[in-house]
Amino acid sequence: MIESKWLKSLTEAEKAQYMFGHCEDCDFYPCERVEEFRQFAESHPQDIKSKDLKEDIEGALDVELLSVSTVEVEDFGETEAGRIIIPASVMSVEEYETKHRLHIADMRYYSDNKGFSYDHGGEQKGCIMAPQYVAQIECGNQTVTDGISDHYKVAIEYDYDIKRKSCDRWEPDQPVYISAQTGQGKNYFIEKKVIPYVKQLACDNITKQKVLILSNRLALRCQINQHILNGGNLGEDDEKQIYSYGEYADVMTYQGLLFNKKRLEDVQRNAKSRYIFVICDEAHFFTADAMFNPDTDKILQSIVTVFRKAIRIYMTATPYECLGSIMNCEKHTGVFYHFQRDYSYLNVVTYSEIEELYGQIISSIGRKEKWLIFIDDKKRCRNVKESLERLGKEKGNFMQGTNSKIYAIDAESKKDDIYRSIIEKEKLPNDVYALITTSVLDNGVNLYDIDNIVVSDMLMVKCLQMVGRARVRDKNDLKTLYIKRPDKKYIQNRIYDLEKQKEAYHYFELAYGEVCGANCKSRRDEYNFLSKYYDGKEEDWRNAKHWFGRLTDKPNQVYYNSFARSLMEKYLAQYELIYQEMEEEENALKNQKVGRLPGQKYLEYQLSWFGKQYCADDDITLCGKTKAEALFTDFLDSHVDKEIRIKKADQKRFREEFAELYDNVFGREDKNQDRTYGINKMNKVLQKQKLNYQIQNTSDGWEVVRVYADSKTGE
């Protein structure tokens, strides 16, 4: 067993340096989460008034203060709500707040679920990586192999089981968590250390014991290699197969585990031929895929029960969301190897709409730079591809006489030759310079030739995984990351989807739950549920495929993913908070109180994931919009002259140029991308944007004139 050996005694001055009281006992401090909390606190300054402070102290410490303005109690030391020390002297609440601000913030966060995260209440029980949950191993910037050292070298008992209670060695009752950024050698450690070690054990003990790797990425590569050798195509049942990964390791997908559960149970009964290491690659799968895969909770439960005599290793670059779910299922204190992240190779640029990047993408493709663009909607992927190709042809240099391509993929692309080539060779084909993809590619696929990454998602795990797909070749391999500022329409859509999911769980509980009791339930509730989600609207039927599953041995029994239900509640609260925040930002902008665009606070929060801070000079929306506005107004000014008329022969050119320049600033006002604006539409959009121009139709052509707001009406 691995035990934490890190102990220290801190002075009060040293303790005051920690943002949260519980961080004083953590070997991982300062960590990425603390930096997120710090950024949230900076963007959301809290007014702690005397009355609020008095109530917080009384509620957390179960004491009564005699005066709002004074504090006079004994030293209470550690409390359940958070570490806070009240001195045995009289001082003003304001003075107390100043001296102990971080500890008060700590208390407020854990007692009231207000404070330093969009995930209010997500850390109520303290940090999931705290010493009471895992044995902490801080590995710094080492490789995974160096950080783990010889801990994986287990001892085998006479009955071929793994020996328990071996000092500084892994064992089945202590799950292993490896948190390391892409490129730090997780896969190298498995392939070059663990598998050869199992081979040695098998030879020494005359067994057939193996390693099982659960990995969608490796399994897909095995599928492709097998079908290339056989000259065949990928089939529907390929994800259910177990593939050989050398003589002493097998690979299968997470989805395939449920199909092979009975077979694997039989394998594990034979001590001499069972799997003794089970590697859960990209372990964030259990929660990241839960919203569209009803089985991820059952897959995790099966791993823990079927392989209870094996060493279970959970590897991911993004452990924060999945770790709690895994720990709840494992029910054992684990060992956690923490490898520090480094995103210094990223130059971060922010944007609001993908159209803002079109010109830059086309220009850089001309310089033979390669792009990885994530858009989580396959229809939108195709539209962006077509728009970029059209713009490239219009510019006349797309792509400088080469056969370059822009390629789009989604979940249905697995049989495509180009997709298979990308997975197998881990780079884009020579003639593909921009890959536009849904999140089908954000999980475990490595690409070594990417220069620019575009992400539009709002969830931390997905964004970090997307960035991790572009592998760094060496210290000189710098990349540009484009992060999208969230917009209200997207958030509205997410809230709508989550409300629909919440409603579905309500109908499920009425049909099958224990909410009303056995006497209150009726077969009509079950009939209504099945009619709505299996015989009703196509939207409900498609949603039900992601939210509910059926047991293979009990096909009439419907179930839902417990991870998804928990995440639904969490995400719904988050998106509602962000939407409310964006409305406040929007109102402040309208009232000219601040010059920040809506979504700015959350954008800055996203940047903190990568250790970056917002810079207006790197905001394409602001910089690009300022330039585009100048070009548009210059264009209009160039036609403001009593002597200038836009003759009929020139009006088509004027309309096209007007539409292009206007769209660059304010976005498209017509759903038809190819249709230019007529004179009525042009005047309408000028009035909408409160621009002091008007296009008048005269007998000898159009005339552009300046108009000014009426001093009385303001219109």
Side-chain angles (χ1 to χ4, degrees), residues 214 216 219-220 234-241 252-261 282 284-302 322 325 375-382 409-415 437-443 457 459 461-462 493-513 525-572 575:
L214 297 169
N216 291 333
L220 181 56
L234 295 175
E236 293 182 0
D237 293 331
D238 284 313
E239 69 174 17
K240 303 177 184 178
Q241 303 302 314
M252 68 185 306
T253 66
Y254 285 106
Q255 293 83 351
L257 186 136
L258 292 182
F259 292 104
N260 291 281
K261 185 177 178 180
E282 308 290 346
H284 53 273
F285 156 83
F286 300 114
T287 49
D289 284 24
M291 298 299 277
F292 55 86
N293 181 343
D295 295 321
T296 66
D297 57 347
K298 286 183 167 49
I299 292 171
L300 177 58
Q301 291 162 9
S302 297
C322 68
S325 298
I375 302 174
D376 210 5
D377 180 281
K378 62 182 182 181
K379 183 178 180 181
R380 180 71 168 144
C381 282
R382 291 193 296 267
I409 64 174
D410 54 44
E412 299 173 0
S413 303
K414 292 184 178 180
K415 298 181 182 180
T437 175
T438 62
S439 58
V440 67
L441 204 70
D442 73 2
N443 192 356
D457 206 276
L459 297 179
V461 171
K462 294 191 72 172
N493 291 339
R494 292 298 295 122
I495 291 174
Y496 171 82
D497 292 339
L498 291 165
E499 289 283 8
K500 295 283 287 185
Q501 191 169 354
K502 183 178 182 179
E503 181 184 57
Y505 292 139
H506 170 69
Y507 282 120
F508 176 91
E509 291 294 347
L510 291 178
Y512 304 106
D525 290 325
E526 182 177 13
Y527 172 80
N528 290 339
F529 173 80
L530 295 174
S531 296
K532 178 175 176 59
Y533 292 103
Y534 293 94
D535 298 314
K537 296 179 181 178
E538 182 179 356
E539 179 188 10
D540 290 328
W541 173 76
R542 291 187 180 278
N543 285 335
K545 287 202 305 180
H546 299 305
W547 297 338
F548 303 107
R550 294 178 184 272
L551 297 176
T552 53
D553 54 341
K554 298 178 181 178
N556 292 328
Q557 185 172 331
V558 180
Y559 59 85
Y560 64 81
N561 190 327
S562 60
F563 297 163
R565 185 162 188 172
S566 176
L567 288 170
M568 177 274 298
E569 295 171 353
K570 170 184 171 180
Y571 292 158
L572 184 57
Y575 283 118

### Query
Between F508 and Y512, how do the two ring planes meet: parallel, tilted or perpendicular, split at 30° and 60°?
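Correct class here is tilted.
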### Query
S439 pairs by side-chain contact (heavy atoms from CB on, under 4.5 Å) with which of D410, D457, D376?
D376
Rounded to the nearest 0.5 Å, what separates atom [atom1] in [X] from atom [atom2] in [Y]?
X: M568; Y: E499; atom1: CE; atom2: CD; result: 8.5 Å
X: L572; Y: I495; atom1: CG; atom2: CD1; result: 7.0 Å
X: L300; Y: D297; atom1: CG; atom2: CG; result: 8.0 Å
X: R382; Y: K378; atom1: CZ; atom2: NZ; result: 6.5 Å
X: M291; Y: F563; atom1: CE; atom2: CZ; result: 13.5 Å
X: T253; Y: K240; atom1: OG1; atom2: NZ; result: 10.0 Å

### Message
Walk me through whether Y507 and F529 qualify under side chain to side chain contact (heavy atoms under 4.5 Å, CB included).
### Response
CA-CA 6 Å; Y507 282 120; F529 173 80; 3.9 Å; yes
### Task
Report yes if the side chains of Q255 and F285 come closer than 4.5 Å at any heavy-atom pair, otherwise no.
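With C-beta onward as the side chain, the pair touches.
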### Message
Under a 4.0 Å threshold between the charged nitrogen and the carboxylate oxygen, would D497 count as salt-bridged to K500?
### Response
no
#### Entry: T287, N561, D289 screened by side chain to side chain donor-acceptor pair (under 3.5 Å) with T296, the one that passes
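So the option named by the test is N561.
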Donor-acceptor contacts, no H, no angles, side chain residues 533-544, under 3.5 Å, sequence neighbours left out:
unit_1	atom_1	unit_2	atom_2	d
E538	OE2	R542	NE	2.8
E538	OE2	R542	NH2	2.8
D540	OD2	K532	NZ	3.3
N543	ND2	E539	O	3.2

### Task
Test N216 against E282 for side chain to side chain contact (heavy atoms under 4.5 Å, CB included), laying out the working first.
CA-CA 9 Å; N216 291 333; E282 308 290 346; over 6 Å; no
### Query
Is it true that atom OH of Y505 has more than 12 heavy atoms of other residues, nucleotides or ligands lying nearer than 6.0 Å?
yes
### Message
Can you confirm whether F259 is buried at CZ, in the sense that more than 12 heavy atoms of other residues, nucleotides or ligands lie under 6.0 Å from that atom?
### Response
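Open.
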